[in-house]
Asks: 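Have a look at the structure that comes next, please.
Positions are given from 1 along the sequence. What you see below is based on every heavy atom in this structure, not just the backbone, and it leaves out hydrogens, waters and symmetry mates.
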Amino acid sequence: MNTERYNAREAEPRWQKIWDERGIYRTRNDDPRPKYYVLEMFPYPSGRIHIGHGRNYVMGDVVARFKRMKGFNVLHPMGWDAFGLPAENAAIERNTHPGIWTYENIATMREQLKLLGLSLDWSREIATCDPSYYGEQQRIFLEFLQGGFVYRRESEVNWDPVDNTVLANEQVIDGRGWRSGALVERRKLAQWFFRISDASEELLAGLDTLERWPDKVRLMQRNWIGRSEGLHVRFALENAPAGLPQEIKVYTTRPDTLFGASFLALSPGHPLTEALAAADPSLKVFVEECRRGGTSTAEIETQEKMGYDTGLTVRHPLGGAAVPVYVANFVLMEYGTGAIFGCPAHDQRDHDFARKYGLPITPVVLPPDVDPATFSVADAPYDGDGTLFNSRFLDGLAVPAAKEAIALRLENEILGNAPVGERAVNYRLRDWGISRQRYWGCPIPIIHCDSCGPVPVPQDQLPVRLPEDVTFDQPGNPLDRHPTWKHVDCPHCGAPARRETDTMDTFVDSSWYFARFAAEPGTAPLQKAAADHWLPVDQYIGGIEHAILHLLYSRFFTRTLAKIGRVSVKEPFAGLFTQGMIVHETYKDTAGKWLFPEEVEKRADGSAVRVGTDEPVTVGPPEKMSKSKRNVVPPEVVADTYGVDCARWFMLSDTPPERDSEWTSAGIEGAWRFAQRIWRMVGDAAELTAPDLVAPESFGSESTSLRQASHRLAALVEEDVERLRFNVAVARVHSFTNQFGDAIAAARKGAAGEPVPADLAFALREAAQFLVAVVAPMVPHLAEECWIVLGLDGLAATASWPVVNPALLVDNTVTLPIQINGKRRGEIAVSTDASPAEVEKAVLALDLVRQALDGRPPKRIIVVPQRIVNVVA
Ligand code: ANZ
Ligand code: ZN
């Protein structure tokens, strides 16, 4: 018996060192085994990690270790999403360079991740701020540019008029600059864009092939791409000044509501608005007012509706009253045609607008089973299905039929020499603006020349490196202020020119890193053969917060890389899993200050106090672990107490992995007790049996049922891990240990000095080995220790998954009651396919039957197959 308790603190670093020295997690591309690529979304090096960050890495690690045991050549790499704004903010605060802060954090977090015992191939580690990485990204950018996937145009940015600088969306807080507090304005700036909107249809269609993605994520992407089918409708202007366009084209998805139209609205950025504003100073003021406030969609959508009556009117295309034309702040220039017709009775925004400006609200869709005489939309619009009314030839039609009827009619109506209506498909997805007016990012490799325009930096001058000698003592982009960096000669004509001082959105950095990991370390960052070998990622794991942007950009990037011949695969992630968060109670002292869990002591009566005092602590409900609320547990603390295996086990237990899970000290203690239990049982089995047992000829029912349990455990946990149902796998291990424990106790009792019967000994050994192998992906350090106790060769980390005997998976015994002279006397377990003669023989051999017969043959014996055995004595 293992009399010593399992000492995780001593064992864990020792095994980590051994794994490291033997390089067992180092992956080679030329390994002939089938490949398996498991990846967790790489972290942003923001400082330190806490145990809440660890859950997805541990899940990925279980998969990686399991797949290795199943004979795959597993790629499980790690890197750093290292560019971004927080590093610049830290640089400002601490007066250092963003790179210093970033690399310090990387060093800390790397050690912390190593503490978790993750089976990562650290030789492939990358940081996106490394010039070898971002240099390749600059090459890709230029290839995209050449392929027509990148262009430059004017677009709005958040402008801080006090600091005279562009702000990122996250630097606009309640419409004000985060440092100056000034009201933010929108300004136009020439910026670079990726043509992701051209890929809308294929990105949408591709979602259907991603069968191992959560439905929820696919739906979110579908909504984000936002395909809609509608109609372009042209309205003739009645009183437009000469020299201006004489019509307005709108996009609508509800052409059925055309007879309820009570106004048209143009976007403030619409060309007609701009033309009108040139001659109308108050319209100009209005447009400027609309420009105020940030550029984020959320901000635009929550703004109060504002309109400006242009005095223009249009004719309704099917006759009727003239309709006024407004400029309205809620109409986006970047969607549809930048102009709409408003139907206040059936749309909330139009309703708000009509109420504010006193426009008519005419209902044209009647809900089912509602009396038109009492139906009112005065207080709220109705946007559901129904039947058309107040709509001439559409009256009586259901909404879908009415859409079709009016589309047909308008397609045949002529204005000028073109149809009034034309069917159109629109996507919400906008092109991806990648220009950022920041230092800590990948420089856009372009040189601006007054005569040649934007010129690509020649290949042999890549990478364009960030200058090291920059200052953050003034607002704005240090690249722009740098005395020499941007001044270069034009690669075309040699005239003095300027470097592009914008850097790329950091989402670009994370859009191809999974392809970088495919290349062996020290080689070119993006290699077709390597990428084609490893991609797609078989299992990608990360937070739901990346359901849209990161995953969509990566899909677009991969498809575009395929189009320019850099990779063959189109979809980067074949399987996706979005894990839940780890939550923890929060604690506050009497002054309302947040406390760390280790500063709090729970009393038996349920109250909480500050450690070593009587000062009461207020306990708040579990919330996402976060530094700001101090409800975090550092991995070091766990490693020094229970060991990280217990943390790993606890993270995988109880809660389904997609749901949030609460970290409690009771939970981690439970994991610790469980680790000790496995340790004891494995020790017991080792003590009761000899290593290298040979399978006996036959097995009794006791040993057979233990063997069945062992084989079933391996088969079921395999299925659970394949489906990432870690909590179910853990529950199966628990129930197996109950049966295993009973078998050990029975063997111990029966033994009393005698050796354990050969069949049971074999089954006990097998059970111990199966148990250790099955838990090895989850508690890898403990597994190594048990491996030694069992006298097994090599490392648990490089062992194979147990070979399951399918014959032991079918439960092929049946228990038959035995009646003697009509009275139930006992039972017998027989094979389900035993013949009646075999059953008869087995029954007659039983002690209880022999005693009842007392040496005489039975008068009669009746075997009812699968049911009962009757003996007449
Ligand atoms: C008339 C109408 C009546 C509309 C009604 C809706 C309800 P989706 O489905 O997302 O494509 N729209 C069109 N272009 C717009 C723009 N640039 N800015 C703001 N709104 C715009 O939305 C299409 C609907 O959004 C269109 O259908 C249009 O309003 C509005 F009872 O036309 B609808
Ligand atoms: Zn030039």
Asks: Show the numbers, then the answer: is there a side-chain contact (heavy atoms from CB on, under 4.5 Å) between I406 and L318?
Replies: CA-CA 10 Å; I406 191 125; L318 298 173; 3.9 Å; yes

Asks: Kindly assign one of parallel, tilted or perpendicular to the pair Y553 and W432, based on the angle between their ring planes and the thresholds 30° and 60°.
Replies: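 Parallel: the ring planes of Y553 and W432 meet at under 30°.
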
Asks: Do the charged groups of E247 and R234 touch, with an N to O distance under 4.0 Å?
Replies: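 Salt bridge flag = yes for R234 with E247.
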
Asks: Would you say that more than 12 heavy atoms from the other residues, nucleotides or ligands in this model lie under 6.0 Å from the CG of N95, or not?
Replies: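 Not more than 12 within 6.0 Å, no.
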
Asks: Whether D450 and R498 form a salt bridge (side-chain N of Lys/Arg under 4.0 Å from carboxylate O of Asp/Glu) is what I want to check.
Replies: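 Salt bridge present between R498 and D450.
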
Asks: Does either side chain, that of H97 or that of Y439, offer a donor lying less than 3.5 Å from an acceptor on the other one?
Replies: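 There is such a pair between these side chains.
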
Asks: Donor-acceptor pair, S267 side chain versus M333 backbone, under 3.5 Å?
Replies: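 Flag set: sc S267 to bb M333 pair under 3.5 Å.
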
Asks: If we ignore hydrogens and angles and just use 3.5 Å, is the side chain of Q437 paired with the main-chain N or O of N477 as donor and acceptor?
Replies: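 Side chain of Q437 to backbone of N477, a donor-acceptor pair under 3.5 Å: no, none is there.
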
Asks: Donor-acceptor check, side chain of K486 to backbone of T501, threshold 3.5 angstrom: yes or no?
Replies: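 Checking the backbone N and O of T501 against the side chain of K486, no donor-acceptor pair under 3.5 Å is found.
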
Asks: Which of parallel (below 30°), tilted (30 to 60°) and perpendicular (above 60°) describes F353 and Y357?
Replies: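 F353 and Y357: tilted rings.
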
Asks: Atom CG of L189 and atom CG of N158: how far apart are they, to the nearest 0.5 Å?
Replies: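 If I round to the nearest 0.5 Å, the distance is 11.0 Å.
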
Asks: Count the heavy atoms of every other residue, nucleotide or ligand shown that sit under 6.0 Å from NZ of K284, and state whether that count exceeds 12.
Replies: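 Count not over threshold, so no.
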
Asks: Please name the residue in the list I447, I444, V488, I446 that meets the side chain to side chain contact (heavy atoms under 4.5 Å, CB included) test with V457.
Replies: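 Running side chain to side chain contact (heavy atoms under 4.5 Å, CB included) over I447, I444, V488, I446 with V457 returns exactly one hit, I447.
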
Asks: When you look at CD of E202, are more than 12 heavy atoms from neighbouring residues, nucleotides or ligands closer to it than 6.0 Å?
Replies: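 Correct, the count exceeds 12.
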
Asks: Would you say the side chains of D160 and S180 form a donor-acceptor pair under 3.5 Å?
Replies: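 Yes, because at least one side-chain N or O of D160 sits under 3.5 Å from a partner of the opposite role on S180.
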
Asks: Quick check: does any side chain N or O of Q221 sit under 3.5 Å from a backbone N or O of A547, one acting as donor and the other as acceptor?
Replies: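 Yes; at least one donor-acceptor contact below 3.5 Å.
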
Asks: Is there a donor-acceptor pair closer than 3.5 Å between any side-chain N or O of H270 and the backbone N or O of V327?
Replies: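 No, because the side chain of H270 does not come within donor-acceptor range (under 3.5 Å) of the backbone of V327.
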
Asks: Output yes when a side-chain donor or acceptor of W440 lies under 3.5 Å from a complementary backbone atom of T503, and no otherwise.
Replies: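 Absent.
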
Asks: More than 12 foreign heavy atoms under 6.0 Å from CZ of R227: is that the case here?
Replies: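 Yes, enclosed.
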
Asks: Do H487 and P496 come close enough that some side-chain heavy atom pair is under 4.5 Å?
Replies: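 No; the side chains remain at least 4.5 Å from each other.
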
Asks: Using only heavy-atom distances, determine whether the side chains of Y251 and S228 contain a donor-acceptor pair under 3.5 Å.
Replies: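 The answer is yes; a qualifying pair exists.
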
Asks: Using 4.0 Å as the upper bound for N to carboxylate O, is an ion pair formed by E334 and R153?
Replies: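 Salt bridge: yes.
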
Asks: Relative to each other, are the rings of F556 and F194 parallel, tilted or perpendicular (30° and 60° limits)?
Replies: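 Rings of F556 and F194: tilted, 30 to 60°.
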
Asks: Please check: side-chain N/O of Q138 versus main-chain N/O of P443, any donor-acceptor pairing under 3.5 Å?
Replies: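 Such a contact is found between Q138 side chain and P443 backbone.
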
Asks: I'd like to know if the side chain of S282 pairs up with that of Y308 as donor and acceptor (distance under 3.5 Å, no hydrogens or angles considered).
Replies: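 Short answer, yes.
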
Asks: Closest heavy-atom contact between L85 and R438?
Replies: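 That would be CD1-NE, 3.2 Å.
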
Asks: Hey, can you tell me if W101 and Y44 have their rings parallel, tilted or perpendicular (30° and 60° cut-offs)?
Replies: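 Rings of W101 and Y44: tilted, 30 to 60°.
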
Asks: Please check: side-chain N/O of N390 versus main-chain N/O of V364, any donor-acceptor pairing under 3.5 Å?
Replies: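 Flag not set: sc N390 to bb V364 has no pair under 3.5 Å.
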
Asks: Would you confirm whether S200, through its side chain, and S197, through its main-chain N or O, come within 3.5 Å as a donor-acceptor pair?
Replies: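 Yes, because the side chain of S200 sits within donor-acceptor range (under 3.5 Å) of the backbone of S197.
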
Asks: Does a donor on one side chain and an acceptor on the other come within less than 3.5 Å for E93 and N89?
Replies: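 There is no such pair (donor and acceptor under 3.5 Å, judged by atom type) between the side chains of E93 and N89.
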
Asks: Count the heavy atoms of every other residue, nucleotide or ligand shown that sit under 6.0 Å from NE2 of H482, and state whether that count exceeds 12.
Replies: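 Yes, the 6.0 Å shell around NE2 holds more than 12 heavy atoms from other groups.
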
Asks: Distance alone, cut at 3.5 Å: any donor-acceptor contact between the side chains of Q348 and D383?
Replies: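 There is no such pair (donor and acceptor under 3.5 Å, judged by atom type) between the side chains of Q348 and D383.
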
Asks: Check the pair L264 / L312 against side-chain contact (heavy atoms from CB on, under 4.5 Å), numbers first and verdict last.
Replies: CA-CA 10 Å; L264 253 62; L312 301 184; over 6 Å; no

Asks: Does H550 form a side-chain contact (heavy atoms from CB on, under 4.5 Å) with F507? I'd like the steps, not just the answer.
Replies: CA-CA 6 Å; H550 162 57; F507 273 115; 3.9 Å; yes

Asks: Do NZ/NE/NH1/NH2 and the carboxylate oxygens of D256 and K403 come within less than 4.0 Å?
Replies: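 No, no charged N to carboxylate O under 4.0 Å.
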
Asks: Aromatic ring centroids of F341 and H316 under 6.0 Å?
Replies: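 They do not qualify: ring centres at least 6.0 Å apart.
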
Asks: Answer yes if the ring centres of F141 and W192 are under 6.0 angstrom apart, and no otherwise.
Replies: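 Yes: the rings meet the under 6.0 Å criterion.
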
Asks: Taking all heavy atoms of C129 and all of T102, pick out the closest pair and write down the distance.
Replies: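 Closest approach of C129 to T102: SG-CG2, 4.4 Å.
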
Asks: Would you say Y326 and L266 make side-chain contact, with heavy atoms under 4.5 Å?
Replies: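 A side-chain contact under 4.5 Å is absent here.
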
Asks: Can a salt bridge be assigned to the pair R176 and D174 using a cut-off of 4.0 Å between side-chain N and carboxylate O?
Replies: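 Not counted as a salt bridge, because no side-chain N and carboxylate O are separated by less than 4.0 Å.
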
Asks: Within the structure provided, determine whether M306 and F286 are in side-chain contact (heavy-atom separation under 4.5 Å).
Replies: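 Contact flag for M306/F286 side chains = yes.
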
Asks: Looking at E229, I want to see if its CD is surrounded by more than 12 non-hydrogen atoms of other residues, nucleotides or ligands under 6.0 Å.
Replies: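 No, because the 6.0 Å sphere around CD of E229 holds 12 heavy atoms or fewer from other groups.
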
Asks: Aromatic rings F83 and Y134: how do their planes relate, parallel, tilted or perpendicular, breaks at 30° and 60°?
Replies: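 Tilted.
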
Asks: Under 6.0 Å from the NZ atom of K216, do we count more than 12 heavy atoms belonging to anything else shown?
Replies: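 No, the 6.0 Å shell around NZ holds no more than 12 heavy atoms from other groups.
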
Asks: Taking P475's backbone N and O only, do any of them form a donor-acceptor pair with R481's side chain (distance below 3.5 Å, no angle check)?
Replies: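 Yes.
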
Asks: Could you check L203 against L429 for side-chain contact (heavy atoms from CB on, under 4.5 Å), going step by step and ending with a plain yes or no?
Replies: CA-CA 10 Å; L203 287 169; L429 185 60; 4.2 Å; yes

Asks: Check whether more than 12 heavy atoms from other residues, nucleotides or ligands sit under 6.0 Å from atom CD of Q146, and answer yes or no.
Replies: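 At most 12 heavy atoms, drawn from other residues, nucleotides or ligands, come within 6.0 Å of this atom.
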
Asks: So do L462 and V464 actually touch side chain to side chain, heavy atoms under 4.5 Å?
Replies: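 Sidechains of L462 and V464: in contact.
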
